[in-house]
Amino acid sequence: MNLIEELRWRGMLQDMMPGTEEQLQKEMTTAYIGFDPTAESLHIGSLVPILLLVHLQKAGHKPLALVGGATGMVGDPSFKAEERKMLDLDTLQKNVNGIKAQLERFLDFDPAKPNAAEMVNNFDWFQHISFLDFIRDTGKHITVNYMMAKDSVKKRIEGENGMSFTEFTYQLIQGYDFYHLYTAKNCKLQMGGSDQWGNIVTGTELVRRKARGEAFAFTCPLIKKADGTKFGKTESGTVWLDPKRTSPYAFYQFWFRTSDEDAESYIKIFTFMEQQEIEDLITEHRKDAGQRLLQKRLAKEVTTFIHGEESYNFAVEASSVLFNKDTAAILSSLSEEDLMDLLNNIPKYEISRADIEAGKDIVSLAAESGLLPSKSEARKMVQGGGVSVNKVKVPGIDMVVNTESLLRDKYILLQKGKTYIVVQTV
RNA sequence: GGGCAGGUUCCAGAGCGGCCAAAUGGGGCGGACUGUAAAUCCGCUGUCUACGACUUCAUAGGUUCGAAUCCUAUCCUGCCCA
């Protein structure tokens with residue numbers, strides 16, 4: 001099975017330029033994907049592009065990961081309703097570095113290999129290009145009519161908020177990247193999410209007109225959930241790849257909670273499992289969906305890929321305790337070490353022991369620990385029966401937490417729905 | 001620079017002098033049911049020293065017993081014209 005066939009059955013192929021498959025058959029091809037430095041860490045939205053690069057490298061081709069130090073200064077307007085906030089240069093630089101560090105873990109950069117991955121930053125070539133040079137040498141090749149015809153731009157032009165010249169320029173800047181990589185690194189293929197199609201095509205166009213070369217492209221569909229809501233968000237926000245921002249436990253939980261419908265497509269996209277194995281697993285899962293076979297495996301594969309096996313094991317263990325029916329009993333029987341290990345995955349809040357000894361009302365504790373954003377919310381949530389202490393539902397807002405609630409004489413496990421916070425006395 | 005439209009709670013979007021912490025929808029969160037799924041149903045969704053008080057409807061002033069609603073100035077946004 002060649003790369004394109006592989007991606008196709010996995011459901012990772014949306015649009016493809018004619019000749020792309022042939023090009024990939026013909027020779028070792030260098031291909032790139034751009035990553036936006038909007039934050040210091042990548043999140044799971046970037047997972048698909050990363051996986052595309054990994055698949056590409058596995059198939060013997062050479063992946064380039066581009067971090068958009070320059071494009072990040074402009075902001076991609078594609079399908080966005082409003083003008084983007086500008087990042088200051090320091091933040092941008094920090095983000096670029098953070099993203100670089102993460103990407104390095106997923107691709108093989110061993111220079112001994114002919115298809116070693118490489119990292120590039122478009123700021124490196126854009127910083128030397130003057131505005132005049134750019135509009136003269138590059139802008140000449142593309143008409144405004146062409147740029148405006150793009151779906152991604154049309155919406156903004158017809159929309160209410162308009163679009164700045166800066167953002168309008170974006171596709172040309174990104175297009176130039178492709179041209180540059182084509183001439184400098186013989187890069188003939190660009191990949192990306194389907195929202196990037198317009199920008200990517202501008203790039204191939206530039207390669208054709210400016211360098212008289214031939215460039216190819218394909219995109220993968222944007223991941224959606226079956227119910228139409230946004231992929232990659234949880235109640236606590238974005239799911240990041242950085243364990244400091246999203247703990248491996250939370251990461252594992254995110255995948256574990258996938259719906260049956262989504263799990264079938266996700267397991268193809270987000271894991272490297274073989275086709276046969278996946279199909280068998282899906283059949284098996286359908287027989288008894290309550291077993292959550294798919295979700296378990298999906299969570300295992302992805303968590304291991306991103307955070308490693310050890311973190312995965314922790315996550316599983318923590319989950320099995322936290323979601324057990326007898327959690328309350330288990331919690332009080334665990335040794336301090338085991339409890340520590342378990343609680344380590346959960347956000348912590350420290351409080352002085354004296355405060356607990358004096359007795360602390362549940363509403364204040366929930367608010368101060370950050371379980372709920374304010375006392376009002378805490379009050380409402382408790383009244384609605386949404387808060388538990390050590391897995392026992394809080395009966396009312398006048399409940400007082402004191403030393404009797406301490407596990408191992410030291411910890412309290414606060415819970416709101418499926419999120420937990422550990423209160424630790426010091 | 002000129003003309004027009006507009007800035008309301010996370011978003012969309014009502015309200016146009018008291019009945020407004022502000023309709024409705026979406027989103028979010030929680031509960032029930034289940035399989036830590038989906039669908040469905042229910043509740044919550046400004047803050048607090050909490051049957052009451054306080055701060056909010058771009059900003060600053062003003063009119064009024066009383067303003068998100070009226071007036072004035074300022075700022076911002078979009079559209080059209082130069």
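Lettering follows sequence order; numbering is per chain, from 1.
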Handout entry: Check: Tyr420(A)/Lys391(A) side-chain N/O donor and acceptor closer than 3.5 Å
Key = yes
Problem - C1' spacing across the pair U69(B) / U64(B), given as an integer number of angstrom - result: 13 Å
Handout entry: Under 3.5 Å donor-acceptor, Lys150(A) side chain and Gly198(A) backbone
Key = yes
Problem - Span that lies between the P atom of G6(B) and that of C70(B), in whole angstrom - result: 11 Å
Exercise for the section: Once you apply the 3.5 Å cut-off to both distances, tell me the Watson-Crick or G-U wobble partner of A5(B), or none. Expected result: U77(B)
Exercise for the section: Between U56(B) and G62(B), how far apart are the P atoms? Round to whole Å, please. Expected result: 15 Å
Short heteroatom pairs, N/O only, protein and nucleotides 36-38 of chain B, under 3.5 Å:
from   : atom 1 : to        : atom 2 : distance (Å)
U36(B) : O2     : Gln253(A) : OE1    : 2.7
U36(B) : O2     : Arg257(A) : NE     : 3.1
U36(B) : N3     : Gln253(A) : OE1    : 3.0
U36(B) : N3     : Gln253(A) : NE2    : 3.2
U36(B) : O4     : Gln253(A) : NE2    : 3.4
A37(B) : OP1    : Lys418(A) : NZ     : 3.0
A37(B) : O4'    : Arg292(A) : NH1    : 3.3
A37(B) : O2'    : Ser259(A) : N      : 3.4

Exercise for the section: Could you give the distance separating G31(B) and U36(B) at their P atoms, to the nearest angstrom? Expected result: 13 Å
Practice task
Starting at atom CH2 of Trp255(A), determine the distance to atom P of G35(B), rounded to an integer number of angstrom.
Solution key: 25 Å
Problem - Below 4.0 Å: OP1/OP2 of A32(B) and any side-chain N or O of Lys393(A) - result: yes
Completion exercise
When rounded to whole Å, the CG to P distance for the pair Asp288(A) and U34(B) reads 16 Å
Handout entry: Under 4.0 Å protein heavy-atom contact, by nucleotide of nucleotides 42-47 of chain B - B base, S sugar-phosphate only
Key = --SS-S
Problem - Donor-acceptor pair between Asp280(A) and Gln276(A) side chains, under 3.5 angstrom - result: yes
Exercise for the section: Heavy atoms only: give me the nearest Phe178(A)-Gly203(A) pair and the separation to one decimal. Expected result: CD1-C, 3.7 Å
Exercise for the section: Could you tell me the separation between the NZ atom of Lys416(A) and the P atom of G28(B), rounded to a whole number of Å? Expected result: 13 Å
Handout entry: d(CD, Glu284(A); P, G35(B)) in whole Å
Key = 18 Å
Handout entry: Nearest non-hydrogen partners of Val422(A) and Leu413(A), listed with the distance
Key = CG2-CD1, 4.0 Å
Problem - Separation of atom CD1 in Ile421(A) from atom P in C29(B), rounded to whole Å - result: 15 Å
Exercise for the section: For A68(B) and G13(B), measure between their C1' atoms and round to the nearest Å. Expected result: 14 Å
Handout entry: Touch class at under 4.0 angstrom, heavy-atom based, for Gly290(A) against every strand present
Key = base
Practice task
Among Trp240(A), Phe35(A), Phe254(A), find the residue that satisfies the ring pair (Phe, Tyr, Trp, His ring centres under 6.0 Å) test when tested with His43(A).
Solution key: Trp240(A)
Exercise for the section: Could you give the distance separating U55(B) and A21(B) at their P atoms, to the nearest angstrom? Expected result: 13 Å
Problem - Complementary nucleotide for U47(B) - Watson-Crick or wobble, under 3.5 Å - result: A53(B)
Exercise for the section: Determine the interatomic distance between P on G66(B) and the same-named atom on C54(B); round to the nearest Å. Expected result: 15 Å
Handout entry: Partner nucleotide of C41(B) by Watson-Crick or wobble geometry (both distances under 3.5 Å)
Key = G31(B)
Fill in the blank from the handout: Taken to the nearest whole Å, CD/Gln415(A) to P/C29(B) is 15 Å
Handout entry: Donor-acceptor pair between Gln295(A) and Asp260(A) side chains, under 3.5 angstrom
Key = yes
Problem - Gln102(A) side chain to Asp242(A) side chain, donor-acceptor N/O pair below 3.5 angstrom - result: no
Exercise for the section: Verify whether one side chain among Thr202(A) and Gln174(A) offers a donor that lies under 3.5 Å from an acceptor in the other. Expected result: no
Practice task
Only counting residues at least two apart or in another chain, list the ones meeting side-chain contact (heavy atoms from CB on, under 4.5 Å) with Thr425(A).
Solution key: Ile351(A), Arg353(A), Ile356(A), Leu406(A), Lys410(A)
Exercise for the section: With P as the reference atom in both, quote the distance from G52(B) to C19(B) in angstrom, rounded to an integer. Expected result: 15 Å
